[in-house]
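Okay, structure first, notes after.
Per chain, numbering begins at 1; letters A, B, ... match sequence-line order.
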2 protein chains.
Amino acid sequence: MHDTFVSNPSFFKLDATLKKIRNYWQKNFDAQQKDITVDQWLLIENLYKHKRITHNELARLTSKDITTVSRIIELLVKKELVERQGSTDDRRKVFVQLTPAGVNKYKDVRPLVLEMRKTGWNNLSEGDYNELTRILDVIYNNIP
Amino acid sequence: MHDTFVSNPSFFKLDATLKKIRNYWQKNFDAQQKDITVDQWLLIENLYKHKRITHNELARLTSKDITTVSRIIELLVKKELVERQGSTDDRRKVFVQLTPAGVNKYKDVRPLVLEMRKTGWNNLSEGDYNELTRILDVIYNNIP
DNA sequence: TAGCAATAGTTGCTAGAGCAACTATTTATG
DNA sequence: CATAAATAGTTGCTCTAGCAACTATTGCTA
């Protein structure tokens, strides 16, 4: 591993790519008046999958800070897409789940998301996808 | 390209990896009292390379919004690591360059950055690096 | 059982991201 | 030459990120 390799700012390329994706998603959300942000979507997606979970689990699933999750949930509650329910057996916990409107939002936005993912993966094979996954996993696990 | 492939949230993995890297960098900066953020570092690195450039060019080089660059520069000016100079031939432009203290900061932080990059690339080959670069480039260019 | 540590969540703070609206200047076009 | 269009940058706004400090509750342990 020679120096040019090490000094090459791969970090930057990751950041640039992610920003471009995020931007593209947000512009499409806005253009189709979906009235959500990309991160709000990520939470909705996870809530649809897991039905009823705590802030903590949601944070872990989304790789987000608990404080960030707390605030995004707050916005989603205001939009009446999500509701909170204090746990009865452990009164520290707060469960979160989609409202019927939240479920509708998921179903409404989902096709657009699939379409955008397809656009991103254009000209790439499943092997490429596996490679990317593998490399990112190694990097992730390299970092203490 | 079957559905599991398309629906797989690669976006999420990119985001998670980047956050982990960014976090690791920041923690090391803090632990060694470098007194900068990761994005402030990215600007310093670019200013060291390009000596004297405008906000606009800096934004393009770093894939950052001009407004964001403007604000980061402001913080760096407060820290006396960077100085601004209005252009004389085009009075809309503002040139930015490192102060001597800024150059010292670059030289002080640089070894730590190289070390951290090495950590991230542990167990990966130059081929992996090329693959990652290639795939991210394709994704980047797929997006309008 | 009393007291302390651990856990779940919230609030305050600083910083980065990006859009919209604005000023100031330069360039293009009539 | 005058006016419009384009460009560089700043400011205000909302949202996300993450740290520190805080409350409330639960679990552990002497």
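Separating the CG atom of Asn56(B) from the C1' atom of dT10(D) is a distance of 13 Å, rounded to the nearest angstrom. Between the P atom of dA8(C) and the NZ atom of Lys64(A) lies a distance of 19 Å, rounded to the nearest Å. Remark: P of dG18(C) and CH2 of Trp25(A) are 16 Å apart, rounded to the nearest angstrom. The distance between atom CD of Gln26(A) and atom C1' of dA20(C), rounded to the nearest whole Å, is 15 Å. Here dA17(D) presents its P atom at 13 Å from NZ of Lys19(A), a figure rounded to the nearest Å. When rounded to the nearest whole Å, the span between CG of Leu18(A) and P of dG18(C) equals 10 Å. Regarding Lys79(A), its NZ atom lies at a distance of 13 Å from the P atom of dT14(D), rounded to whole Å. For the pair Gln40(A) CD and dA17(D) P, the computed distance is 11 Å after rounding to whole Å.
Where Arg22(A) and Arg92(A) meet DNA chain D, the nucleotide closest to each residue was compared, and Arg22(A) sits on the side nearer the 5' end. If Lys93(A) and Asp39(B) are placed on DNA chain C by their nearest nucleotide, the residue sitting closer to the 5' end is Lys93(A). For the pair Phe95(A) and Asp30(A), nearest-nucleotide mapping onto DNA chain C gives the more 5' position to Phe95(A).
For the atom pair Asn46(B) CG and Trp41(B) CH2, the distance stands at 10.0 Å (nearest 0.5 Å).
Residue contacts shown for Ser87(A) are absent, as no nucleic acid heavy atom lies under 4.0 Å away. Here Asp90(A) lies in heavy-atom contact (under 4.0 Å) with sugar-phosphate atoms only.
Ion pairing between Asp39(B) and Lys64(B) holds under the 4.0 Å rule for side-chain N and carboxylate O. A salt bridge links Glu131(A) with Arg134(A): at least one charged nitrogen is closer than 4.0 Å to a carboxylate oxygen.
Between the base of dG18(D) and the side chain of Arg71(A) there is a donor-acceptor pair shorter than 3.5 Å. Applying the 3.5 Å distance criterion, the base of dG18(C) shares a donor-acceptor pair with the side chain of Thr67(B).
Here Lys27(A) does not reach the OP1 or OP2 of dG18(C): none of its side-chain N or O atoms lies under 4.0 Å away. For dA8(D), neither phosphate oxygen OP1 nor OP2 lies less than 4.0 angstrom from any side-chain nitrogen or oxygen of Arg84(B). Not one side-chain nitrogen or oxygen of Ser70(A) sits closer than 4.0 Å to the OP1 or OP2 atom of dG9(C). The phosphate of dC15(D) has neither OP1 nor OP2 within less than 4.0 Å of any side-chain N or O from Thr68(A).
Distance from the side chain of Arg91(A) is smallest for dT26(D) among the nucleotides dG16(C), dT26(D), dG9(D). Each of dG9(C), dG18(D), dG18(C) was ranked by its minimum atom distance to the side chain of Asp65(B); first place goes to dG18(C).
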Between Gln26(A) and Asp30(A), does the side chain to side chain donor-acceptor pair (under 3.5 Å) criterion hold? Intermediate values first, please. CA-CA 6 Å; Gln26(A) 190 63 57; Asp30(A) 292 347; 3.1 Å; yes
How far apart are the C-alpha atoms of Arg84(B) and Gln97(B), what are their side-chain angles, what is the distance that settles it, and do they pass the side chain to side chain donor-acceptor pair (under 3.5 Å) test? CA-CA 7 Å; Arg84(B) 291 193 242 226; Gln97(B) 62 184 15; over 6 Å; no
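Because its NZ or CZ atom is both nearer than 6.0 Å to the ring centre of Tyr140(B) and within 45° of the ring axis, Lys20(A) counts as a cation-pi partner of that residue.
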